[in-house]
Protein chains: 2
Amino acid sequence: MAVGVPDKARAEVGRRDVFDKDCPARTILDKVTSRWGVLILAALRDGPMRFHVLRDRIGGISEKMLSQNLRTFTEYGLLERTVEPTIPPRVSYELTPRGHEIADRLQGLLEWVQANAEEVVRFQQGTRPLDHDDGPRLPTTK
Amino acid sequence: MAVGVPDKARAEVGRRDVFDKDCPARTILDKVTSRWGVLILAALRDGPMRFHVLRDRIGGISEKMLSQNLRTFTEYGLLERTVEPTIPPRVSYELTPRGHEIADRLQGLLEWVQANAEEVVRFQQGTRPLDHDDGPRLPTTK
DNA sequence: CGGTATCCCATGCGATACTG
DNA sequence: CAGTATCGCATGGGATACCG
């Protein structure tokens with residue numbers, strides 16, 4: 001049976017709200033906030049970096065994912081790819097002005113998470129995972 | 001994925017960096033920057049909201065995803081869940097102070113993406129696409 | 001009304017292998 | 001060095017059905 005095929009024909013982009021499911025900003029947002037996207041863009045705030053440096057900087061990323069994200073962001077105009085015609089070739093990536101704008105906003109998020117991660121985890125572990133009964137510590141006086 | 005690192009007491013525990021793959025902040029970051037996480041937290045900046053209102057506000061989200069994210073963030077201490085013992089019950093969610101901090105950072109990102117999405121898309125389309133087609137999804141011939 | 005449980009598929013991502 | 005191609009699995013996420 002045919003799977004529901006959402007028609008790709010978008011008449012016009014009248015939707016400008018990210019909360020609208022047809023808004024093109026959704027696509028951008030998903031890429032930018034993807035698992036590696038945030039880290040890649042944030043890492044490049046320090047300046048231009050070559051492939052391997054970037055790979056080394058971001059722990060756990062595979063070449064495939066790095067390459068894939070890098071290409072996407074380059075196509076989005078958030079990164080600029082520079083190739084030095086040497087042998088072996090040196091390829092470096094750097095944020096475009098537009099890329100910088102978004103990376104700066106990502107940085108704030110990253111810093112917060114970094115600074116508060118332990119607190120959040122501690123809170124989470126102090127909370128009972130799944131219980132229908134309201135916790136005794138939660139005041140029902142409302 | 002046990003690559004090794006069986007030592008529970010790492011020598012450099014102080015090196016808690018989001019770029020480190022073992023950093024707990026990675027988990028938090030992934031949840032917060034998940035497809036719906038960003039939108040949910042940002043939406044709640046406007047104030048407490050009930051389940052259906054939130055669902056209506058965020059276009060395209062399923063009840064399952066909304067519920068799942070809401071629970072996770074509540075367990076993280078980013079949201080507070082309030083139940084009014086009426087019939088039928090009214091459940092509302094609101095940002096905790098900690099939730100507000102992160103939501104504010106998310107908001108800046110959202111606003112930027114919203115404001116620049118069209119430019120990014122235009123740039124992307126003006127870029128010579130690589131031979132690999134980036135189609136939405138193609139049902140496998142089966 | 002506000003969920004939770006189940007099924008199932010689409011996608012993200014990692015591992016490996018190969019190329020210029 | 002800097003990728004790309006392929007395979008395969010784990011997980012995110014949608015649709016549906018049911019419960020307090």
Side-chain angles (χ1 to χ4, degrees), chain A residues 1-6 8 21 26-27 30-40 48-75 79 81-93 129-134, chain B residues 1-3 21 26-27 30-40 48-56 58-75 79 81-93 130-142:
Chain A
M1 76 174 54
V3 196
V5 180
K8 170 188 170 184
K21 72 178 180 67
R26 280 283 187 87
T27 308
D30 280 352
K31 297 290 185 185
V32 168
T33 62
S34 70
R35 180 173 182 189
W36 302 112
V38 178
L39 296 174
I40 291 173
M49 288 188 191
R50 288 171 56 187
F51 191 83
H52 266 269
V53 176
L54 212 38
R55 176 178 177 278
D56 188 59
R57 177 76 185 280
I58 303 171
I61 195 171
S62 65
E63 287 86 349
K64 175 187 170 182
M65 283 300 108
L66 180 56
S67 174
Q68 196 168 292
N69 277 271
L70 249 19
R71 198 198 320 173
T72 297
F73 292 143
T74 301
E75 289 174 4
L79 296 182
R81 184 176 185 268
T82 306
V83 183
E84 292 180 45
T86 59
I87 293 179
R90 294 185 176 187
V91 183
S92 62
Y93 296 85
L130 189 66
D131 199 342
H132 299 295
D133 184 45
D134 282 339
Chain B
M1 51 169 66
V3 184
K21 72 179 181 65
R26 279 283 186 87
T27 308
D30 280 353
K31 296 292 184 184
V32 169
T33 63
S34 68
R35 181 172 182 190
W36 302 112
V38 178
L39 297 174
I40 292 172
M49 288 187 191
R50 287 171 57 188
F51 191 83
H52 267 270
V53 176
L54 211 40
R55 176 178 177 276
D56 188 58
I58 303 171
I61 195 172
S62 65
E63 288 87 349
K64 174 187 170 183
M65 284 299 109
L66 180 55
S67 174
Q68 197 169 291
N69 277 271
L70 249 18
R71 200 203 313 179
T72 297
F73 293 142
T74 301
E75 289 174 5
L79 297 182
R81 183 175 185 268
T82 306
V83 183
E84 291 179 46
T86 59
I87 294 179
R90 294 184 175 187
V91 182
S92 62
Y93 296 86
L130 302 180
D131 48 319
H132 182 279
D133 180 45
D134 190 19
R137 65 179 173 76
L138 222 58
T140 51
T141 52
K142 184 176 183 181

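Proteins get letters first, then strands, A, B, ... in listed order; numbering begins at 1 in each. All values below come from the heavy atoms of this structure, side chains included, with hydrogens, waters and symmetry mates left out.
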Mind calculating the distance between CD1 (A:Ile40) and P (C:dG12) to the nearest angstrom? 14 Å

Heavy atoms from C-beta onward define the side chain here; which of D:dC1, C:dG2, D:dG3 lies closest to that of B:His52? C:dG2

Please check the phosphate of C:dG2 (OP1 and OP2 only) for any side-chain N or O of B:Arg90 closer than 4.0 Å. no

Kindly calculate the angle separating the two end axes of the helix from C:dC1-D:dG20 to C:dG20-D:dC1, each obtained from five base pairs, and round it to 10 degrees. 50°

Quick one: A:Met49 CE to D:dC1 P, roughly how many Å, whole number? 17 Å

So which protein N/O to nucleotides 14-16 of chain D N/O distances come out below 3.5 Å?
{"unit_1": "D:dG14", "atom_1": "OP2", "unit_2": "B:Ser62", "atom_2": "OG", "d": "3.2"}
{"unit_1": "D:dG14", "atom_1": "O6", "unit_2": "B:Lys64", "atom_2": "NZ", "d": "2.2"}

Give the minimum heavy-atom separation between A:Pro88 and A:Thr86, together with the two atoms involved. O-OG1, 2.9 Å

CZ (A:Phe73) and CZ (A:Arg81) are apart, to the nearest 0.5 Å, by 15.5 Å

Which part of the nucleic acid, if any, lies within contact of A:Arg81, taking any heavy atom under 4.0 Å across all strands shown: a base, the sugar-phosphate backbone alone, or nothing? sugar-phosphate

To the nearest 0.5 Å, tell me how far A:Asp56 CG sits from A:Met49 CE. 10.0 Å

Is any side-chain N or O of B:Ser67 closer than 4.0 Å to OP1 or OP2 of C:dT4? yes

Could you tell me whether the side chain of B:Ser34 reaches within less than 4.5 Å of the side chain of B:Asn69, counting heavy atoms only? yes

Output the rounded distance in Å from CZ (B:Arg55) to P (D:dG13). 17 Å

A:Gln68 atom CD is separated from C:dT11 atom P, nearest whole Å, by 13 Å

Protein-nucleotide distance (A:Asp30, atom CG; C:dC13, atom P), rounded to Å: 11 Å

Distance from A:Leu70 atom CG to A:Leu79 atom CG, nearest 0.5 Å? 6.0 Å

Name the closest nucleotide to the B:Val91 side chain, picking from C:dC1, C:dG2, C:dT4. C:dG2

Rounded to whole Å, the CD1-C1' distance (A:Ile58 to C:dC13) equals 15 Å

Which whole-number value in Å describes the distance from A:Lys21 NZ to D:dG13 P? 17 Å

Can you measure from CD (A:Glu63) to CZ (A:Phe51) and round to the nearest 0.5 angstrom? 6.0 Å

Nearest heavy-atom neighbours spanning B:Arg26 and B:Lys21: NH1-CA, 3.7 Å

Counting heavy atoms not belonging to A:Arg57, are there more than 12 under 6.0 Å from its CZ? yes

Working to the nearest 0.5 Å, report the span between CZ of A:Arg55 and CG of A:Leu66. 8.5 Å

Specify the separation, in whole Å, of atom CG of B:Asn69 and atom P of C:dG2. 17 Å

